[in-house]
S.K.: 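Mind having a look at this structure? Questions to follow.
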Number of protein chains: 2
Amino acid sequence: MSMNNSQISDETVIRLLRKKRLKATPQRIAICRFVLDSREHPTAQNIYIKVKEMHPTVSLATVYKTLNILKELGLIKELTFPQGETRFESNREPHINLVCQRCGKIWDVDDLAVRSIIARAVTKVKFNAMSERFDIYGVCERCSKRKAL
Amino acid sequence: MSMNNSQISDETVIRLLRKKRLKATPQRIAICRFVLDSREHPTAQNIYIKVKEMHPTVSLATVYKTLNILKELGLIKELTFPQGETRFESNREPHINLVCQRCGKIWDVDDLAVRSIIARAVTKVKFNAMSERFDIYGVCERCSKRKAL
DNA sequence: GTAGTTGCAAAACTTTTGCACGGCA
DNA sequence: TGCCGTGCAAAAGTTTTGCAACTAC
């Protein structure tokens, strides 16, 4: 399953960076493109290994620095989990993450009711909501069919 | 705001531990009581400092070991956040966490619709759900009224 | 030209683990 | 008494930071 469908062009990324007065270096463009294109919720390591294929000198520090920029710009969300497997997603719409605790895959599920629940909750206690995270943890169908460990 | 309202007695905790053939040491009892009673979503450090008041020799390692036991027993949930501030909560019912990104406080909000959204999502993609997490990030009313930093 | 960025190494933190001692059952 | 649990220190793992060299603009 290829992830880089080039839905986001170099030009788009360059425009985003320039708008924030950030330099459009090849490393940054590659990191941004990969994570913004991906629907796989990659880890920093995943991104590092993938970007290294085209830019062998890139460092993990640069990956983290670029991911932090994208977080500040609100273009990606950081999903932390127990056992230190932080993952990054570019889907900014309110949605549900189905997280398989056996294979680690994450599926996005849309449900319009998520928005109305958020609206109800923040009204109840007067809260300025800025983002959200809705995870469901369990075992996916494929893993359920496999023999237990 | 006192947190130890003794809603959970030593006897209850001892019974829980013995049922799992775990020894009911004073440290474990204190750690379990504190985190199971708390509605403040404490960090491991918070728990360590508080338990140290009554058990000065307790170590952070013991706190982590005990928290891991409680997690395995399904009695608490671990909430990880960016910047490494993992927090623990004893509210096992599906609910929403309103997380203030300025003061760090977390409020629980109940909404029965959370359950139906979960049911709908797991049916759509055939998923064995075991637990969930629904966070809303933003700024609480009190912090909104304060001057910006 | 120069201000911002990279890549390396080291630091900072959180959480886990190994092991000898000590205490619960 | 025997075995499990504790507490210390060290390890492991992830993310951040300082800095000299480099590069996009």
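Here is how names work: the chains are called A, B, and so on, in the same order as the sequence lines, proteins then strands, and each is numbered from 1.
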S.K.: Just one of B/D108, B/D110, B/V114 clears the side chain to side chain contact (heavy atoms under 4.5 Å, CB included) bar with B/I96, so which one?
M.R.: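 For B/I96, the side chain to side chain contact (heavy atoms under 4.5 Å, CB included) check succeeds only for B/V114.
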S.K.: Please report the distance, rounded to the nearest Å, between CG in A/L60 and C1' in D/dT16.
M.R.: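 Answer to the nearest Å: 11 Å.
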S.K.: Roughly how many Å is it from NE2 in B/H55 to C1' in D/dG5, rounded to a whole number?
M.R.: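 Taking NE2 of B/H55 and C1' of D/dG5, I get 14 Å after rounding.
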S.K.: For the residue pair B/F134 and A/F134, categorise the inter-ring angle as parallel (less than 30°), tilted (30 to 60°) or perpendicular (more than 60°).
M.R.: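 Because their plane-to-plane angle is under 30°, the rings of B/F134 and A/F134 count as parallel.
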S.K.: Calculate, to the nearest 0.5 Å, the distance between atoms CG and CG belonging to B/L36 and B/L16 respectively.
M.R.: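 One gets 7.5 Å once the value is rounded to the nearest 0.5 Å.
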S.K.: From OH of B/Y64 over to C1' of D/dG13, roughly how many Å is that when rounded to an integer?
M.R.: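 Value for this atom pair: 13 Å.
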S.K.: Using atom NZ of B/K20 as one end and atom C1' of D/dG5 as the other, report the distance to the nearest whole Å.
M.R.: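 Rounded to the whole Å, the gap is 19 Å.
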S.K.: Do B/R15 and B/E11 meet the salt-bridge criterion of a basic N to acidic O distance under 4.0 Å?
M.R.: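 The answer is no: the pair does not qualify as a salt bridge.
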S.K.: Any donor-acceptor pair under 3.5 Å linking the side-chain atoms of A/T62 with those of A/R28?
M.R.: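 No - no donor-acceptor pair under 3.5 Å links their side chains.
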S.K.: Might you list the N or O atoms of the protein lying below 3.5 Å from N or O atoms in nucleotides 18-25 of chain D, with each pair's distance?
M.R.:
from: D/dA24; atom 1: N3; to: A/K23; atom 2: NZ; distance (Å): 3.1
from: D/dC25; atom 1: OP1; to: A/R18; atom 2: NE; distance (Å): 3.1
from: D/dC25; atom 1: OP1; to: A/R18; atom 2: NH2; distance (Å): 2.7
from: D/dC25; atom 1: OP1; to: A/A24; atom 2: N; distance (Å): 3.4
from: D/dC25; atom 1: OP2; to: A/R18; atom 2: NH2; distance (Å): 3.3

S.K.: When you look at A/R33 and A/S9, which way does the side-chain hydrogen bond (donor to acceptor under 3.5 Å, both in side chains) test go after all the steps?
M.R.: CA-CA 7 Å; A/R33 275 194 54 177; A/S9 65; over 6 Å; no
S.K.: Between A/N68 and D/dT15, is there a side-chain N or O to OP1/OP2 distance below 4.0 Å?
M.R.: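 Answer is no, no contact under 4.0 Å.
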S.K.: Reading DNA chain C 5' to 3', which nucleotide is the first, and which the last, to come under 4.0 Å of any heavy atom in chain A?
M.R.: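 Boundary nucleotides touching chain A, in 5' to 3' order, are C/dA3 to C/dC8.
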S.K.: Contact class for B/R28 vs. all strands (heavy atom < 4.0 Å): base, sugar-phosphate, or nothing?
M.R.: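 Counting heavy atoms under 4.0 Å across all strands, the contact made by B/R28 is with sugar-phosphate only.
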S.K.: Does a sphere of radius 6.0 Å around CZ in B/R120 hold more than 12 heavy atoms from other residues, nucleotides or ligands, not counting ones at 6.0 Å or beyond?
M.R.: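 Atom CZ in B/R120 is crowded, with more than 12 foreign heavy atoms closer than 6.0 Å.
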S.K.: Does either side chain, that of A/N68 or that of A/K65, offer a donor lying less than 3.5 Å from an acceptor on the other one?
M.R.: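 The answer is no; no qualifying pair exists.
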S.K.: Can you tell whether the side chains of B/K77 and B/E132 come within less than 4.0 Å, N to carboxylate O?
M.R.: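 B/E132 and B/K77: salt-bridged.
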S.K.: Tell me: CD1 of A/I47 to P of D/dT14, nearest whole Å?
M.R.: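 Taking atom P of D/dT14 as the reference, CD1 of A/I47 is at 14 Å.
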S.K.: Would you say D/dT15 has OP1 or OP2 under 4.0 Å from some side-chain N or O of A/T86?
M.R.: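 Yes, because at least one side-chain N or O of A/T86 sits under 4.0 Å from OP1 or OP2 of D/dT15.
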S.K.: Nearest whole Å is fine: how far is D/dT14 P from A/Q45 CD?
M.R.: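 My rounded result for the distance is 7 Å.
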